[in-house]
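Just so you know, these numbers use all the heavy atoms, side chains as well, and skip hydrogens, waters and symmetry mates.
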Amino acid sequence: MRMNKKITPRLLAILLTIALIFSMTGCEKTTVSENNTDTVTTEKNNQSESKEQETSKSDKETSKASDEQETSKSDKEPSKAKEEQENFADFTDRIFASEVALNILNLHCTLAHPENYGIKDYDITLGGFTAEDEAESYELLDKYINELEDFDYNLLTSEQKLTYDIFKTYANDSKKYKGYRLYNDHMSPLNGMQSYIPTILAEYVFYDEQDVKDYLEILKTFPAFFENLISFEKEQSEAGFFMPDFEVDKIVDQCQQFISNADNHYLIDSFNRRIESADFLDNSAKETYKASNIAQIKESVIPAYEYIISELPKLKGTCKNEGGLANFENGKEFYELLVRDYTGSDKSVPEIKKMIEDKYNTDFNEILKITLKDNTILDKMSECPVDLSDPAKVLNDLRANIATDFPTGPDTSFTVNYVPESMEKYTSPAYYILPPIDNLNNNAIYINKSQASDSMEDFVTLAHEGFPGHLYQTTYFYSQKPSNIRKLFSFSGYSEGWGTYAEMYSYSLAGSEDNVTRINQLNKTYTFAIYCLTDIGINYEGWDYNETMKFLSEIGLDKEDSNTIYETLVEEPALYLAYYVGYLEFMELRAEAEKALGENFSLKEFHTFLLQTGPAQFEIIQNRMKSWIDDQKNTKELRNN
């Protein structure tokens with residue numbers, strides 16, 4: 001799992017991006033519509049034959065003048081293109097600066113030194129959930145798209161065209177969420193604000209004293225922020241969109257664990273460690289800030305969570321739908337938007353289901369074939385030849401071992417931390433927190449010790465989060481110096497699909513027998529397929545609890561596991577599709593490239609292409625890959641000649 005550190009509501013992230021719109025001067029775009037072209041053709045056809053045959057001196061002079069104008073225009077084209085490119089760069093940079101400053105956590109986690117980006121004034125806010133904010137955002141979104149279209153696309157650089165395509169597609173996809181505000185679940189046990197914000201705060205780096213002051217001010221906002229969040233939940237309740245009771249119970253339990261040891265809270269311990277490392281503070285200031293932090297934990301943070309514990313259960317029993325999104329009015333349509341958002345794929349849900357089913361059936365037959373040949377292989381699956389006692393060493397070894405098939409990334413450092421005990425129960429097995437774009441050495445990987453088992457899955461999880469997974473992919477992309485605005489977009493299909501791709505690759509690095517490596521890979525994709533098909537069944541096809549239990553029991557899962565899967569997919573619809581559909585999209589791209597290039601296909605060059613292109617919608621990556629394939633063919637031909 002990759003933490004993208006956006007605290008704004010997930011589906012409104014792009015809308016809040018355009019809170020400030022800058023009108024650009026000198027941005028022209030000339031287009032001819034199909035209707036205009038038809039009109040010109042009709043007029044030409046109506047001209048008399050004799051007039052068409054006339055070639056007067058006047059006509060020749062006009063033609064000569066026109067040629068001179070075209071020559072003049074051609075001479076000016078490089079200057080005009082440069083101006084357009086500079087305007088576009090300025091436009092995206094200004095949008096980046098305005099969006100990143102909207103939320104203090106976004107700002108601090110994205111930029112170590114915002115003053116270097118012209119950001120000196122900002123509010124200490126975590127965002128909000130009101131309908132008024134949403135309405136304003138959609139209005140500004142339309143304006144933003146119009147201004148984007150004022151640029152002459154043909155005058156932009158290749159990289160700017162990529163940014164343009166990604167941004168415009170992202171914005172148009174976001175527009176489709178209008179009217180679905182209350183469908184969003186901002187307090188899910190896995191990815192809810194109540195768990196997400198403290199996770200980010202535990203990694204809040206103090207670069208200077210102002211950062212310490214900002215941090216303490218953030219803690220003061222907790223009561224108001226969570227009161228607003230509960231107000232949103234009450235609004236959902238009144239409209240019939242409130243969460244199931246089992247989800248309430250999990251969130252309340254999570255919050256109770258969070259505040260269970262207030263005197264030795266992990267936000268106190270982590271703060272103290274960071275303060276002790278702050279060489280810009282003297283001892284007196286350090287002690288003062290430590291005391292202030294403890295005061296805010298007890299006066300602001302703990303009461304905010306007590307408020308959730310008190311208020312959320314009052315809404316139990318108001319859930320109108322304890323099943324999937326398909327049971328809401330227009331719920332299927334909302335799920336389609338989620339699937340597009342999570343996967344980055346332009347395939348329809350039925351097309352995605354067919355793709356998963358085909359792989360599922362192929363995997364099952366191959367698993368059956370391997371296990372019939374070796375009935376002991378299932379016992380070998382979890383065995384890991386790699387010593388996992390030192391995760392940092394494992395990650396460094398992975399970094400060295402991927403060099404054959406992956407390009408060299410930047411020389412970055414990282415830390416390996418452990419999830420606080422009070423958060424273990426509702427936290428993923430591991431996650432990676434992105435570094436600020438101006439400090440690529442601040443990489444943090446968290447491991448959930450409660451879910452660790454020194455098995456093969458622990459090894460590939462480290463690969464997923466580290467090398468060649470999230471840490472490697474993110475820092476490689478950032479080191480290519482893409483437009484800053486691209487670093488704000490969240491493409492879960494690309495990032496989590498790449499993480500899954502990294503896992504599948506890393507099985508081969510563990511040193512297991514080939515058949516053990518293969519059965520592990522098949523088990524991974526087969527398991528993902530089960531989750532994803534169940535997700536589609538619940539949230540798109542409208543399976544109820546009993547239908548879900550029947551499907552899962554026929555596969556061989558017991559009732560307890562089946563119940564866990566059902567509740568998870570109700571709480572987090574489309575989540576697993578990001579991991580698996582993203583992976584399948586990468587594999588489709590790879591198959592297409594291998595087919596087109598044949599013996600000239602290079603896995604390392606293919607990976608380089610994907611990493612340099614960076615996170616985007618898969619149809620845009622595929623379109624770019626066609627040009628890359630042509631370039632590869634031309635390069636090989638030149639070498640052969």
For a 4.5 angstrom cut-off between non-hydrogen side-chain atoms, does [X] reach [Y]?
X: R624; Y: K161; result: yes
X: L219; Y: E299; result: no
X: E585; Y: I621; result: no
X: R94; Y: D90; result: yes
X: Y579; Y: L575; result: yes
X: I485; Y: E99; result: no
X: L105; Y: L201; result: yes

Query - Verdict with supporting geometry, F618 and F491, ring pair (Phe, Tyr, Trp, His ring centres under 6.0 Å) - result: CA-CA 10 Å; F618 280 106; F491 289 107; 9.1 Å; no
Query - Residue that, paired with Y494, satisfies ring-ring contact (aromatic ring centres under 6.0 Å, His included) out of F477, F586, F489 - result: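 Exactly one candidate clears the test, F586.
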**Report entry** The single option from Y501, Y505, F609 passing ring-ring contact (aromatic ring centres under 6.0 Å, His included) against F406
**Finding:**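 Of all the options given, the one that passes is Y505.
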Query raised in the report: Tell me the salt bridge (Lys or Arg N to Asp or Glu O under 4.0 Å) pairs involving residues 200-220, sequence neighbours left out?
Result: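 Residue pairs with at least one partner in residues 200-220: E217-K220.
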Identify each donor-acceptor pair in which a side-chain atom of residues 261-270 lies under 3.5 Å from a protein atom, sequence neighbours left out, and give them as a table.
residue: D263; atom: OD1; partner: K298; partner atom: NZ; Å: 3.0
residue: H265; atom: ND1; partner: L267; partner atom: N; Å: 3.0
residue: H265; atom: NE2; partner: F258; partner atom: O; Å: 2.8
residue: S270; atom: OG; partner: Y266; partner atom: O; Å: 2.9
residue: S270; atom: OG; partner: R274; partner atom: NH2; Å: 3.0

Requested in this report: For the pair E383 and M456, evaluate side chain to side chain contact (heavy atoms under 4.5 Å, CB included) and give the outcome as yes or no after the intermediate values.
Outcome: CA-CA 6 Å; E383 297 175 0; M456 179 64 74; over 6 Å; no
Where do [X] and [Y] come nearest, in terms of heavy atoms and distance?
X: P198; Y: M193; answer: CD-O, 4.0 Å
X: K168; Y: L148; answer: CB-CD2, 3.6 Å
X: Y478; Y: P435; answer: CE2-O, 3.9 Å
X: H607; Y: P407; answer: CB-CD, 4.3 Å

Requested in this report: Check step by step if side chain to side chain contact (heavy atoms under 4.5 Å, CB included) holds for Y204 and V212.
Outcome: CA-CA 9 Å; Y204 195 102; V212 181; over 6 Å; no
With no hydrogens and no angle check, do the side chains of [X] and [Y] hold a donor and an acceptor under 3.5 Å apart?
X: K487; Y: N484; value: yes
X: S284; Y: D282; value: no
X: S300; Y: Q296; value: yes
X: E572; Y: S188; value: yes
X: E276; Y: N272; value: no

Within the side chain of [X], is there an N or O that forms a donor-acceptor pair under 3.5 Å with the backbone of [Y]?
X: N417; Y: A444; answer: no
X: N448; Y: E424; answer: yes
X: Q160; Y: Q85; answer: yes
X: S310; Y: Y307; answer: no
X: Q617; Y: I166; answer: yes
X: T92; Y: A89; answer: yes
X: Y472; Y: A463; answer: no
X: S413; Y: N441; answer: yes

Query raised in the report: When you look at Y446 and T427, which way does the side chain to side chain contact (heavy atoms under 4.5 Å, CB included) test go after all the steps?
Result: CA-CA 10 Å; Y446 274 78; T427 301; over 6 Å; no
Query raised in the report: Of all residues at least two apart in sequence or in a different chain, which pass the salt bridge (charged side-chain N to carboxylate O under 4.0 Å, His left out) check with E287?
Result: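 By the salt bridge (charged side-chain N to carboxylate O under 4.0 Å, His left out) rule, E287 matches K290.
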Requested in this report: Evaluate the criterion ring pair (Phe, Tyr, Trp, His ring centres under 6.0 Å) for residue pair Y207 and F280; output intermediate values, then yes/no.
Outcome: CA-CA 9 Å; Y207 299 103; F280 50 83; 9.2 Å; no
Requested in this report: State whether the number of non-hydrogen atoms from other residues, nucleotides or ligands found under 6.0 Å of D411 atom CG is greater than 12.
Outcome: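 Counting neighbours around CG of D411, 12 or fewer heavy atoms of other residues, nucleotides or ligands fall under 6.0 Å, so no.
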Query raised in the report: How about K604: does its NZ atom have over 12 heavy atoms from other parts shown lying under 6.0 Å from it?
Result: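 Check passes, neighbour count above 12.
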Requested in this report: Please report the C-alpha distance between E421 and K449 in whole Å, then the side-chain angles of each, then the deciding distance to 0.1 Å, and finally whether the salt bridge (charged side-chain N to carboxylate O under 4.0 Å, His left out) criterion is met.
Outcome: CA-CA 8 Å; E421 186 175 349; K449 286 198 292 187; over 6 Å; no
Below 6.0 angstrom between ring centroids: does that apply to [X] and [Y]?
X: Y576; Y: Y580; result: no
X: F271; Y: F206; result: yes
X: F129; Y: F225; result: yes

